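Written below as structure tokens is the structure these notes are about.
Just so it is clear, the structure is predicted and the values come from calculations on it, not from any experiment.
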Amino acid sequence: MILDRFRMTDQVAIVTGAGRGIGEGIALAYAELGAHVVCAARTPEQIESTAARVRALGRRAIAVPCDVTERAQLENVVARTMDEFGRIDVLVNNAGGFPPKPALQTGEKSLEAAFRFNVTSAFLLSRFAIPHMAKGDGGVIVNISSAAGRLVQPGFVAYGTAKAALAFMTRLLACEFAPRIRVNAIAVGATETSALAPFLNDETREKMETLTPMRRNGTVEDIALAAVYLGSPASSWVTGKILEVDGGTEATTWPYDMGSTL
């Protein structure tokens with residue numbers, strides 16, 4: 001059956017940023033399809049909650065507190081996974097983000113922090129996980145990038161540049177590790193999560209929806225479904241690709257005018 005290609009029975013998936021939002025949604029979607037899940041994020045209470053929901057679906061789960069900007073904590077996530085499950089099949093580098101700020105107000109430390117959070121963390125965790133994937137049946141990496149990495153908009157020089165780098169890193173890693181390891185990314189459009197919520201009210205939501213061809217913002221489930229495709233055998237002939245899940249946008253839907261800094 002074609003639907004069987006989407007099953008992830010007894011695969012082991014690491015998901016960063018799994019305490020809420022997109023990461024939580026992906027963790028639960030993978031569990032519904034049969035995967036065991038390692039939930040990693042900074043807030044223990046949140047990842048314990050996600051892990052409990054995974055277990056309620058009949059799968060195994062562990063919660064591993066992790067600040068992805070800290071190398072030792074990334075190494076610990078991989079070590080804990082191997083101790084508990086003995087294998088790694090899927091890695092979702094979801095943790096990331098950075099607030100918008102005009103370019104001339106963005107210092108070098110801010111730019112470097114954006115890269116550390118969105119690019120270096122994904123590279124290091126992939127580097128630690130890939131040898132274990134290669135010793136087994138191979139593996140899959142799904143990076144959560146952003147439409148901000150391809151759409152020009154004032155105020156996003158740090159975040160947008162970092163996400164563009166993450167997308168290109170995805171292609172480079174895919175080339176280097178094929179065919180044993182598949183590496184793809186999702187370029188996420190405006191998705192209603194707790195990260196976006198502070199910027200939304202009725203007026204800004206309506207403006208964003210009007211600027212989106214599909215006339216609505218994304219949901220966590222929209223992104224989780226894409227992660228299911230890329231993380232499962234259904235996409236076994238897909239690597240080095242950036243899947244745009246953004247409601248069809250070809251221009252920014254950011255509802256705020258950041259203005260010129262000159």
Side-chain angles (χ1 to χ4, degrees), residues 12-27 30 36-51 54 61-101 106-134 139-146 148-149 157-170 172-173 177 181 183 185-186 188 193-195 227:
V12 176
I14 297 172
V15 182
T16 66
R20 59 181 182 172
I22 289 171
E24 179 186 29
I26 292 173
Y30 282 3
H36 310 299
V37 185
V38 177
C39 304
R42 286 179 290 192
T43 307
E45 296 80 7
Q46 291 179 348
I47 51 175
E48 288 289 357
S49 174
T50 302
V54 169
I62 59 172
V64 184
C66 176
D67 179 344
V68 297
T69 66
E70 297 292 334
R71 176 192 175 103
Q73 294 186 37
L74 293 172
E75 290 181 298
N76 181 58
V77 169
V78 172
R80 287 284 309 279
T81 303
M82 293 304 296
D83 288 344
E84 180 72 21
F85 299 104
R87 61 186 293 163
I88 300 172
D89 299 290
V90 182
L91 167 61
V92 180
N93 287 307
N94 166 68
F98 211 75
K101 183 182 290 187
T106 301
E108 61 187 76
K109 289 185 178 180
S110 292
L111 187 66
E112 289 167 357
F115 269 76
R116 182 78 190 184
F117 193 19
N118 293 279
V119 186
T120 307
S121 63
F123 170 73
L124 287 175
L125 192 51
S126 299
R127 180 182 167 192
F128 299 147
I130 284 171
H132 299 290
M133 292 178 171
V140 180
I141 297 173
V142 180
N143 294 322
I144 304 302
S145 187
S146 171
V157 65
Y159 179 66
T161 304
K163 287 302 191 183
L166 178 62
F168 196 69
M169 185 181 78
T170 296
L172 292 169
L173 293 179
F177 294 107
I181 314 294
V183 188
I186 304 172
V188 175
T193 64
S194 57

Q: Output, in order, the C-alpha distance, side-chain angles, deciding distance and verdict of side chain to side chain contact (heavy atoms under 4.5 Å, CB included) for Val37 and Thr50.
A: CA-CA 10 Å; Val37 185; Thr50 302; over 6 Å; no
Q.
Is any side-chain heavy atom of Ile26 closer than 4.5 Å to one of Ile144?
A. yes
Q: Give the intermediate values and the outcome of side chain to side chain contact (heavy atoms under 4.5 Å, CB included) for residues Ile141 and Phe177.
A: CA-CA 11 Å; Ile141 297 173; Phe177 294 107; over 6 Å; no
(Q) Please evaluate residues Val54 and Tyr30 with respect to the criterion side chain to side chain contact (heavy atoms under 4.5 Å, CB included), reporting the C-alpha separation (whole Å), side-chain torsions for both, the decisive distance (0.1 Å), and the verdict. (A) CA-CA 9 Å; Val54 169; Tyr30 282 3; over 6 Å; no
Q: Decide if atom CZ of Arg42 counts as having more than 12 heavy atoms of other residues, nucleotides or ligands within a radius under 6.0 Å.
A: no
Q: Output the distance between atom CD1 (Ile14) and atom CG (Asn94), rounded to the nearest 0.5 Å.
A: 13.5 Å
Q) Roughly how far apart are Glu45 CD and Arg20 CZ, rounded to 0.5 Å? A) 12.5 Å
Q: Check each of Thr16, Leu125, Thr120 against Leu74 using the side chain to side chain contact (heavy atoms under 4.5 Å, CB included) test, and report the only one that passes.
A: Leu125
**Q.** Gap separating the NZ atom of Lys163 from the CE atom of Met169, nearest 0.5 angstrom
**A.** 10.0 Å
**Q.** Validation row: Asn76, Cys66 side chains within 4.5 angstrom (heavy atoms)
**A.** no
Q | Short side-chain to backbone donor-acceptor contact, Asp89 and Gly139, under 3.5 Å | A | no
Q.
Please give me the minimum heavy-atom distance between Ala167 and Ser145, naming the atom from each residue.
A. CB-OG, 4.1 Å
**Q.** Nearest-0.5 Å distance, CG of residue Leu124 to CD of residue Glu75
**A.** 8.5 Å
Q. In Å, rounded to the nearest 0.5 Å, how long is the span from OG1 of Thr170 to CG of Asn143?
A. 4.0 Å
Q. Are side-chain heavy atoms of Met133 and Leu91 found at a separation under 4.5 Å?
A. yes
Q.
Using every non-hydrogen atom in the two residues, find where Cys39 and Ile47 come nearest and quote the distance to one decimal.
A. O-CD1, 3.7 Å
(Q) I need the minimum non-hydrogen distance between Asp67 and Gln73, along with the two atoms involved. (A) N-OE1, 2.7 Å
Q | Worked verdict on Val77 versus Phe128 for side chain to side chain contact (heavy atoms under 4.5 Å, CB included) | A | CA-CA 9 Å; Val77 169; Phe128 299 147; over 6 Å; no
Q. Do you know the tightest heavy-atom contact between Ala114 and Asn118?
A. O-ND2, 2.8 Å
Q: Return the minimal non-hydrogen interatomic distance between Ser110 and Phe98, and the atom names on each side.
A: O-CZ, 3.2 Å
**Q.** Side chain proximity check, Ser121 to Asn93, heavy atoms < 4.5 angstrom
**A.** no
Q) Which atoms form the tightest heavy-atom contact between Phe117 and Gly96, and what is the distance? A) CE2-C, 3.5 Å
**Q.** Interatomic distance, Ile22 atom CD1 to Ser194 atom OG [nearest 0.5 angstrom]
**A.** 9.5 Å
